[in-house]
2 protein chains.
Amino acid sequence: MARKIGSHSKITGPRVRQAALTLFARHGYAAVSMRQIASAVGVQAGALYNYTADKQALLFDLMQTHMEDLLAALDRCPDHGDPQMRLETFARFHIRYHLDCPDLVFIAYMELRNLTAANFAVIEGLRRRYELRLQNILEAGQKAGVFEMPDIKVASMAIIAMLTGITTWYREEGRLSRAQVEEIYLGMVRKAVNA
Amino acid sequence: MARKIGSHSKITGPRVRQAALTLFARHGYAAVSMRQIASAVGVQAGALYNYTADKQALLFDLMQTHMEDLLAALDRCPDHGDPQMRLETFARFHIRYHLDCPDLVFIAYMELRNLTAANFAVIEGLRRRYELRLQNILEAGQKAGVFEMPDIKVASMAIIAMLTGITTWYREEGRLSRAQVEEIYLGMVRKAVNA
DNA sequence: GATTGAAATGAACACGCGTTCAGATACCCT
DNA sequence: AGGGTATCTGAACGCGTGTTCATTTCAATC
């Protein structure tokens with residue numbers, strides 16, 4: 001036996017990434033073997049190397065693509081008007097995006113330590129660009145006198161940590177809807193930085 | 001060669017746990033081998049089994065001991081007076097305790113998925129007891145009319161996520177002192193739930 | 001319908017894994 | 001001083017790891 005009927009790189013490629021994503025998120029990068037990923041795709045381990053140079057590249061590609069998609073989506077998001085409006089837009093964007101792809105979000109900050117030094121630097125840089133957007137909003141609000149905080153960088157980290165934390169407990173079939181969660185967190189963020 | 005000079009379980013035991021703690025925190029449970037731990041202690045891998053039943057027990061013991069220590073310390077912490085005072089005391093306690101043992105904190109919520117189902121249930125129960133303390137404070141404040149929030153459970157998760165996030169960026173030699181960080185976060189927590 | 005390239009197999013490689021255990025050595029107690 | 005116990009070694013066990021590659025089969029092109 002060799003090549004399978006219906007096999008195509010445009011099909012298998014995404015399936016490999018999807019399987020890796022799900023397994024990495026559930027069990028952690030180090031705990032998942034290439035054979036497990038291959039099995040989830042329905043293929044032998046050797047076939048994975050048509051789609052990735054090695055296991056590390058598989059993780060890095062997932063994280064890099066995620067961060068770039070995130071930043072691209074953020075750039076498509078409106079960022080004008082008064083600082084309160086901009087903060088609200090940012091928070092809503094963050095919550096929605098993170099609830100849409102919890103596995104990617106989970107991996108992107110859980111598996112940072114499993115990246116090689118060079119790969120880590122790349123992802124870290126992308127992360128900073130994201131945080132910078134929030135910091136700009138906070139700074140504008142502080143200058144306008146509508147926000148008040150002792151330290152902008154710390155405030156941005158606190159807000160992002162709070163918002164990202166949603167993914168650790170939110171369940172689709174849970175007590176609260178996405179919209180409800182969004183409003184609750186938005187209220188807390190607003191109050192936390194208000195003058 | 002066999003037993004080493006100066007060897008003693010009261011010495012080696014803690015060193016095993018310390019080495020496991022440091023390595024688990026740095027590289028993750030699944031990525032650390034028993035031989036690495038043994039090497040850090042300066043011993044052969046087989047010797048570790050004088051101090052733990054297996055690798056899983058090593059992780060579980062670290063997490064369980066940490067959570068029980070945390071709860072015991074919390075119980076020694078004053079919890080009376082008006083809700084604002086109680087919230088302040090809780091937040092200060094949380095920040096200080098978490099900055100004192102970042103490795104344990106890191107492990108205690110990063111490695112939850114590497115616990116067996118039974119062990120996970122134990123740790124999860126201890127975590128809930130901790131969250132309950134904060135929820136009680138928030139509830140009291142809400143009834144007294146000094147706090148205002150749409151959902152107490154969600155608010156407690158948001159606050160804890162925000163505070164715990166400090167450990168991901170705080171560095172001892174960094175720009176801000178512990179006391180400064182404490183004040184900044186305390187301010188945000190207070191404002192976030194105030195009526 | 002033959003030819004070419006893409007896609008997957010399955011076996012192999014060297015190595016590391018968690019764990020066990022008989023044997024050797026150091027410490028402690030009488 | 002000597003016997004017993006606590007402590008560690010070193011080798012072994014079976015198995016799983018990431019990765020490579022010659023080979024085979026399918027899909028697409030001419």
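Just so it is clear: chains get the letters A, B, ... in the order the sequence lines come, proteins before strands, and each one is counted from 1.
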Checklist entry - Counting any heavy atom closer than 4.0 Å, what does B/V32 reach on the DNA or RNA strands: base, sugar-phosphate only, or nothing? => result sugar-phosphate

Checklist entry - So, is A/Y51 near the phosphate of C/dA8, with a side-chain N or O under 4.0 Å from OP1 or OP2? => result yes

Checklist entry - Whole-Å distance between C/dA7 C1' and A/Q44 CD? => result 13 Å

Item to check | Set of residues satisfying salt bridge (charged side-chain N to carboxylate O under 4.0 Å, His left out) with respect to A/R86, sequence neighbours excluded | outcome: A/D79

Checklist entry - If you check the B/I5 side chain, which of C/dA8, D/dT19, C/dC27 turns out closest? => result C/dC27

Item to check | Value in whole Å for how far the P atom of C/dG18 lies from OH of B/Y49 | outcome: 7 Å

Checklist entry - Looking at residues at least two apart in the chain, or sitting in another chain, which of them share a salt bridge (charged side-chain N to carboxylate O under 4.0 Å, His left out) with A/R113? => result B/E111

Next on the checklist: Taking the nucleotide of DNA chain D with the nearest heavy atom to each, does A/A53 or A/Q36 sit closer to the 5' end?
Outcome noted: A/Q36

Checklist entry - Any Lys/Arg nitrogen of A/R26 or A/D103 sitting under 4.0 Å from an Asp/Glu carboxylate oxygen of the other? => result no

Next on the checklist: My understanding is that only residues two or more places apart in sequence, or in another chain, count here; which of them pass salt bridge (charged side-chain N to carboxylate O under 4.0 Å, His left out) with B/E182?
Outcome noted: B/R92, B/R96

Next on the checklist: Could you check whether A/F60 and A/Y29 have their ring centres less than 6.0 Å apart?
Outcome noted: no

Next on the checklist: Rounded to whole Å, how long is the line connecting atom CG of A/L48 with atom P of D/dG18?
Outcome noted: 10 Å

Checklist outcome for this item: When rounded to whole Å, the CG to C1' distance for the pair A/N50 and D/dC26 reads 14 Å

Item to check | Those residues that, when tested against A/Q56, pass side-chain hydrogen bond (donor to acceptor under 3.5 Å, both in side chains) (two or more places apart) | outcome: A/N119

Item to check | Close residues, residues 10-26 of chain B, relative to DNA chain D [heavy-atom separation under 4.0 Å] | outcome: B/T12

Checklist entry - D/dG18 C1' sits how many Å from A/I37 CD1, rounded? => result 11 Å

Item to check | Toward the 5' end of DNA chain C, by each residue's nearest nucleotide, B/A31 or A/V43 | outcome: A/V43

Checklist entry - Which residues satisfy the side-chain hydrogen bond (donor to acceptor under 3.5 Å, both in side chains) test with B/D151, sequence neighbours excluded? => result A/R175

Can you tabulate the close N/O pairs, meaning under 3.5 Å, that link protein atoms to atoms of nucleotides 11-16 of chain D?
residue: D/dA12; atom: N6; partner: B/R35; partner atom: NH2; Å: 3.4

Checklist entry - Distance check: side-chain N/O of B/K4 vs OP1/OP2 of D/dT7, anything under 4.0 Å? => result no

Checklist outcome for this item: Residues at least two apart in sequence or cross-chain that pass salt bridge (charged side-chain N to carboxylate O under 4.0 Å, His left out) with A/K143, listed by chain then number, are A/E139

Checklist entry - Can you list the residues that meet the ring pair (Phe, Tyr, Trp, His ring centres under 6.0 Å) rule with B/H98, with sequence neighbours excluded? => result B/H94

